[in-house]
Amino acid sequence: MKVRVRFAPSPTGFLHIGGARTALFNWLYARHTGGTFILRIEDTDAARNTQQAVEVILQGLRWLGLYWDEGPLTSDATGPYKGERGPYFQSQRREFYQRRVEALLARGLAYEHEGAVKFRMPREPITIHDLVVGEVVRKLTDREELDPDFVIQRSDGQPVFHLTNVVDDLEMGITHVIRGEDHLSNTAKHIALFRAFGVEPPKYAHIPLILNPDGTKMSKRDRGASLTTYMEEGFLPEALVNYLCLLGWSPKDNREKIPLAEVIERFDLSQILRHNARFDFEKLLWLQGEYCRELPDDRFYELSVHALAKAGIDTNRFDLRYVKAALDTCKGKIKVFSELPAYGGFYFRDDITYDPEAAKQHFTPENKPRLQKLRDAFARAEPFDAPTLEATLKATAAELGVKPAVLVHPVRLACTGRTAGPSLYHLMEVLGREKTLQRLDRALATF
RNA sequence: GACCCUAUCGUCUAGUGGUUAGGACACCACCCUUUCACGGUGGCGGCCCGGGUUCGAAUCCCGGUAGGGUCGCCA
């Protein structure tokens, strides 16, 4: 039997990082087995769902590279879709639910209650054979003992999650339900529903949740909870995907950075860990740095220009060769593109503001004549390239009887306004003689 | 309150009865070095607790504790 899995988010306006991982694991399993990955939008809560909220999900999944084999083609619920089992928006599937509710009603497996329809839930414990968690025997809670039956259709006629979820999984021929562990307790209800419809439930795999660094539940407003922030901060999808693979799954050979193709090859549900994982932002950042450093130049330029533009720095005003040369000195140094404006923005503006703390330390009366002497040496340096500038600076330092570092810091501060940045000699070469001397003169005039 | 899941360095993990408990991130030190990164070397640091089973338990069983989840006319 061909594997059919689905990611079934509710359009709430954001895509939770845990949801992204759920999508990833579904996608990985589909790719591993040669199965079908389906995207289904659970937009039954009409009041809350907007097309824009759907767009967030589609864009997020596309950004991650998790393309679906069946599902919507656009965020329009009534719009086109691919796949034989559509539509893939629950809001467009009313008749499926209606028909199923009527069937249950007709067979006495459901009944009306105050205008709503309730399902007759079995009183006996239900055993869930979970591919990740193992065998789980779910008993009724004390509140459920009082009334085990649950609403499947609201008094306004709208179907409820448990019903729509099960009906769609059934109609869409889902073979494996891979979802967050927060649904484990609900699974007994779903199994009971499947049985009431006279079919075998799909296989279940409940994956552990992603928690905040402090171990608490990661909710909407927690840092890093929304996929959008990673997109906006300039993370690379391949880095985030790699990191997410390592949360609850392991290649078991001590590797951290692992090509997605290999994950697909080795991934299996039985290897998924059973415990929740805390989100380690630092480790993601490290992986991000690894991927960022190895980026092909063209993609690095493209993402850099975009990040700079977002910070109000228009690189189009500069010669393309200058822009590329400038960015080359930043590559391998920054980890996330959101760092770039602060790190390499000085290439693209002349109104350098000096780090006050550093200015106090390096723009001293003692350093002024030294910097002046170096400035004059730079004015004569020929050619104006990194090796010559380095030799010039070191020779000047020797003449002055100081260590090169004594000159390096004030020069860097004058050119960039900061104490950390790209290689000093290379950044001066990129700036060129004119700008470099201008900046040194400007700095010399401030103290 | 009830039900369910989980428990290895701070964090992510390897480990399935016999290991000096391995790796990665982070942290610290040193090296490299024009700053910062990168890289290299070394270091710090862990089997939640208590019972059992066994010659032997991180590993199996039971109990506790802790964390997480669920019990909705939200999904």
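Quick note on labels: first sequence line is chain A, next is B, and so on, each numbered from 1. Note that the structure is a prediction, hence the values are computed from the model and not measured. Side-chain atoms are counted along with the backbone in the values below, which use heavy atoms only and exclude waters and symmetry mates.
Listed for the A:Asn242 side chain is a donor-acceptor partner under 3.5 Å among the backbone atoms of A:Ile258.
In this structure, OH of A:Tyr425 is placed 12 Å from P of B:U33, rounded to the nearest angstrom. Atom pair A:His409:NE2 and B:C36:C1' shows a separation of 11 Å (rounding to whole Å applied). Rounded to a whole Å, the NE2 atom of A:His206 is 11 Å from the C1' atom of B:G69.
Distance from the side chain of A:Val151 is smallest for B:C73 among the nucleotides B:U13, B:A75, B:C73.
For B:C25 and B:G43, the P atoms lie 16 Å apart once the distance is rounded to whole Å. Rounded to a whole angstrom, the distance from the P atom of B:G10 to that of B:C44 is 14 Å.
When each of A:Phe161, A:Phe119, A:Phe150 is paired with A:His190, the ring-ring contact (aromatic ring centres under 6.0 Å, His included) condition holds for A:Phe161 and for no other.
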What protein N or O atoms touch nucleotides 3-7 of chain B N or O atoms at under 3.5 angstrom, if any, and at what distances?
unit_1	atom_1	unit_2	atom_2	d
B:C3	O2'	A:Lys139	O	3.2
B:C5	O2'	A:Glu181	OE2	3.1

Distances under 3.5 Å only, N/O to N/O: pair up the protein atoms with those of nucleotides 38-44 of chain B.
none

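At a threshold of 4.0 angstrom between heavy atoms, the contacts of A:Glu114 include nucleobase atoms, whether or not backbone atoms are also involved.
In this model, the phosphate group of B:G72 is approached by a side-chain N or O of A:Arg143 to a distance below 4.0 Å at OP1 or OP2.
Taking every heavy atom of residues 385-406 of chain A and every atom of RNA chain B, pairs under 4.0 Å involve A:Glu390, A:Lys394, by number.
At least one side-chain heavy atom of A:Pro404 sits under 4.5 Å from a side-chain heavy atom of A:Lys394.
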